[in-house]
Amino acid sequence: MTHIFLYISLFFASGIICNYYLPIPFIYPLLLLFWLIPSLFLYCTEKRFLIAITSMFFLLGIAYEGVSSYLPHDNIAQYQPGRYALIGIVDSAVEIRKYSKKKTLTTFVMKVKKGKTKSTWFTVRGNVRVNVYSGTKPVQYGDEIRIWGEMKRPKRATNRGQFDYRAYLKKYDIHMIISAYGDTCVRIYSSKKKGGVVREILNVRNKINEKINRHIAYPYNTILSALLIGKRSAIPPSIRDDFVKTGTVHLLAISGLHVSIITAALYYVCTLFGMHRLVRAGVSILFMVVYAVLAGLRFPILRAVLMGSIIIMGIVLDRKKNLINTLFLVFLLLLLLYPESLFLAGFQLSFLSVFSIIILSPAVKELFSPNSNTIQQHGLPRRLRHSVHTGYAVSIAIFFTSSVLIIYYFNIFSLISIGANILIVPLSSAVMISGIIFVIAAFVFEIGAPFFAAFPYFLLKGMIAGIHLLSRIPFGFLYLKTPHLSLVLSYYFVLALSLFFKKKLFGRYIIIWIGIVWSIFVVIVIGCKRGDDVAISFLDAGRAPIVHIRSRNGKHIVINTGGGETSHAGRWILKPFLMAQGINSIDTVIITSLYKSYRGGINMLIDNFKVPTVLVPLCNQQYFSNVEQQNSTVIPIQEGYTLESDSDMTLTVLLGPRRREQGRCIDSALVLKLTYKDFKVLLCPLMDEDMFETLVRDQRSALLCDVLLVPHQEVFLGESEERFLKAVSPRIAIINGENQYHTQAVEDILTSFGCDIYKTGEEGGITISVSSNAAQWEVRSFLKNTRKDYSTDSM
């Protein structure tokens with residue numbers, strides 16, 4: 001039983017997965033456990049003992065997941081959203097960043113002890129995430145504070161591909177978010193009574209960040225902070241995108257690579273000073289623990305620190321190294337701390353990457369350099385060649401084991417990731433070493449800090465420029481449709497069998513077999529049938545509507561792009577939605593209004609997708625001059641313009657923006673009509689009273705439609721809007737956002753002639769699929785997972 005921790009940790013994880021998807025009262029596995037424990041002493045043979053102990057850990061996993069997910073009656077998650085005053089302890093590192101030009105956002109996790117609604121205090125427990133907007137009070141780890149604010153549940157994913165923030169925080173046992181505005185909403189009761197060593201380490205972390213920001217220019221300071229101390233929130237989205245496209249984004253998360261580089265440098269320094277082996281080991285382990293706190297105690301660094309500490313202790317005790325056993329011992333320990341972390345993508349990728357390095361990289365290295373393990377590496381050329389072979393083998397091993405999971409979670413496949421990692425990882429190591437020297441110099445010799453800062457600055461400049469060039473290589477990356485979970489599990493099942501029978505069947509050629517299986521997987525994903533039906537998707541994106549249209553011949557049209565570079569709608573809703581469907585090129589983007597919430601995400605979209613044509617209102621053309629510099633053609637359109645997507649589908653501008661102020665079209669938007677055979681959709685993002693009157697008077701015959709995107713109005717405009725709604729008489733009405741700006745009168749008018757109303761704020765994104773003959777169509781909602789069929793004949 002050389003790999004005992006491999007077996008018991010996998011069975012423990014299986015028990016957690018089993019209870020996560022099929023909840024079982026934890027009393028039943030506990031009763032079975034009491035029956036199995038005596039059997040461990042009765043069955044003394046090795047095989048029976050292994051069966052009994054793995055079964056025991058499987059049942060323990062079921063019970064443990066059930067107990068850990070149980071929420072007592074006084075947990076903060078049991079309370080309804082609303083305004084609260086909460087008293088508790090700051091239980092995480094405090095992050096401060098800008099969310100606008102003049103405003104800051106302070107975030108941390110608070111362990112709650114008391115709460116109050118209006119006048120009554122009550123005892124409560126649990127964790128909440130705190131957001132303090134424009135706060136300047138120096139809140140620190142361990143402070144006991146009182147906060148007033150609006151408490152609500154984290155936002156869940158309401159569109160396909162969107163990041164589920166609620167599910168993410170739940171895995172860290174955080175169920176509520178409280179938002180406060182200004183220092184008057186925060187009171188610090190005690191500042192130095194708790195926190196201890198952790199508090200001081202986090203204070204050092206903040207000072208390091210201040211030194212980096214003072215001496216290294218933006219945005220290079222954000223990258224160095226991410227590499228050294230794990231502060232990633234300030235990294236510009238465009239640079240983060242380049243790291244993702246080249247498959248090097250793992251460098252921005254503190255992991256085993258960072259820990260091993262820094263620990264190896266420290267161990268070497270201790271050796272130079274002639275320290276005893278036990279002292280070197282103790283100093284290294286202590287430093288890793290301190291560094292884990294300094295970097296924010298994330299799962300990859302916890303895994304690296306635990307594994308490194310166990311290996312160092314094994315070396316000191318002269319025990320035979322068993323890296324697989326060590327890895328899965330760490331795997332088991334982390335699951336005992338945070339059982340639901342098993343479902344985090346970062347947790348899975350972290351362990352999968354290390355496992356592939358241990359198991360698969362030696363086979364890759366042997367295939368390309370058969371004698372590398374037997375020939376002693378003497379001389380600089382041989383050592384250099386050995387390092388290149390090792391880096392190449394590690395990159396290929398990680399590529400084949402983690403790329404499938406990356407496609408499943410993030411819908412991106414980087415063709416250049418192997419080469420990019422071979423080039424960038426050594427450069428990032430040099431950045432880290434020079435960055436550490438600079439940080440030490442900044443604390444010890446402040447005057448000389450600018451000199452030492454020059455080294456990491458120029459290295460970072462070269463690294464970011466190189467990553468940017470690599471990300472621009474044609475076909476360097478590809479967005480792929482989310483594969484079915486069964487396909488992903490089948491791939492890893494075949495991979496596990498291949499590794500199990502490596503010596504008997506494949507030998508040194510296992511990497512070729514894995515490459516064949518991986519290629520089959522990618523071909524299946526790329527060839528997944530996307531359907532012949534026309535699909536119109538209305539995304540839940542707040543006030544500004546975002547619509548995606550897929551024609552029957554596979555062309556894609558996007559109407560509106562959400563807000564700016566860091567906006568919620570453009571970057572976090574539209575982009576993931578397109579990626580989840582494997583869309584790499586958008587044939588036409590249509591901007592319907594001058595408002596930034598409608599047009600602000602256009603540059604982000606062009607930077608990540610191929611966009612040959614952008615259609616904009618005629619009077620707003622001057623606001624899109626920068627778009628033409630990015631290989632996209634801007635075409636101004638007005639009333640009467642018709643876009644033909646294919647022979648059966650047209651998109652016509654019924655009316656353009658009417659109101660003008662200093663040459664600008666504001667407070668209204670293009671009114672579009674989509675026609676596919678006999679199926680018609682009217683898209684009215686934003687209208688005023690004059691536009692209602694004009695449409696009813698001049699375009700009344702063209703208004704009758706099957707589907708209406710209800711205009712966004714803050715108030716009901718009266719008879720003009722009522723006449724418009726009756727002239728359209730839709731079978732389906734889509735109300736965008738959370739319906740906070742629509743009066744009940746609008747809904748009453750729509751329901752009076754049998755119209756079905758769908759609200760994206762309540763039901764999530766709405767997708768309408770129209771059959772090839774347009775006689776039948778179905779409506780699906782993402783959030784409620786409902787589906788309803790319609791027939792044109794029944795209308």
Got a sec, which residues hit ring pair (Phe, Tyr, Trp, His ring centres under 6.0 Å) with [X], two or more places apart in sequence or on another chain?
X: Y220; value: Y457
X: Y168; value: F163, Y172
X: F452; value: none
X: F477; value: Y479

From [X] [atom1] over to [Y] [atom2], what is the distance, rounded to the nearest 0.5 angstrom?
X: F521; Y: F400; atom1: CZ; atom2: CZ; result: 13.0 Å
X: S225; Y: L252; atom1: OG; atom2: CG; result: 11.5 Å
X: L6; Y: L329; atom1: CG; atom2: CG; result: 12.0 Å
X: I516; Y: S498; atom1: CD1; atom2: OG; result: 10.5 Å
X: R240; Y: R571; atom1: CZ; atom2: CZ; result: 9.0 Å

- Item | F331/F347 under ring-ring contact (aromatic ring centres under 6.0 Å, His included): CA gap, chis, key distance, verdict | CA-CA 9 Å; F331 182 78; F347 183 86; 5.7 Å; yes
- Query: side chain to side chain contact (heavy atoms under 4.5 Å, CB included) with K207: which residues, sequence neighbours excluded?
  - Reply: F443
- Item | Residues that L337 engages under side chain to side chain contact (heavy atoms under 4.5 Å, CB included), provided they are two or more places apart | L334
- Note on the structure: For residues 458-470, the side chain to side chain donor-acceptor pair (under 3.5 Å) pairs (sequence neighbours left out) are D242-H468
With [X] via side-chain hydrogen bond (donor to acceptor under 3.5 Å, both in side chains) - residues at least two apart:
X: D91; value: none
X: S353; value: none
X: T482; value: N411
X: R129; value: Y165

- Message: Please determine whether salt bridge (Lys or Arg N to Asp or Glu O under 4.0 Å) holds for the pair D164 and K170, giving the CA-CA distance in whole Å, both sets of side-chain angles, and the decisive distance to 0.1 Å.
- Response: CA-CA 10 Å; D164 196 332; K170 181 183 176 183; over 6 Å; no
- In terms of heavy-atom contacts, does CZ of F458 have more than 12 from other residues, nucleotides or ligands at under 6.0 Å? no
- Message: Would you say that more than 12 heavy atoms from the other residues, nucleotides or ligands in this model lie under 6.0 Å from the CZ of F475, or not?
- Response: no
- Task: Using a strict cut-off of less than 4.0 Å between a Lys/Arg side-chain nitrogen and an Asp/Glu carboxylate oxygen, indicate whether E95 and R232 qualify as a salt bridge.
- Result: no
Could you pull out all donor-acceptor pairs under 3.5 Å where a side-chain atom in residues 413-420 meets a protein atom, sequence neighbours excluded?
unit_1	atom_1	unit_2	atom_2	d
S414	OG	K245	O	2.8
S414	OG	S417	N	3.4
S417	OG	S414	O	3.2

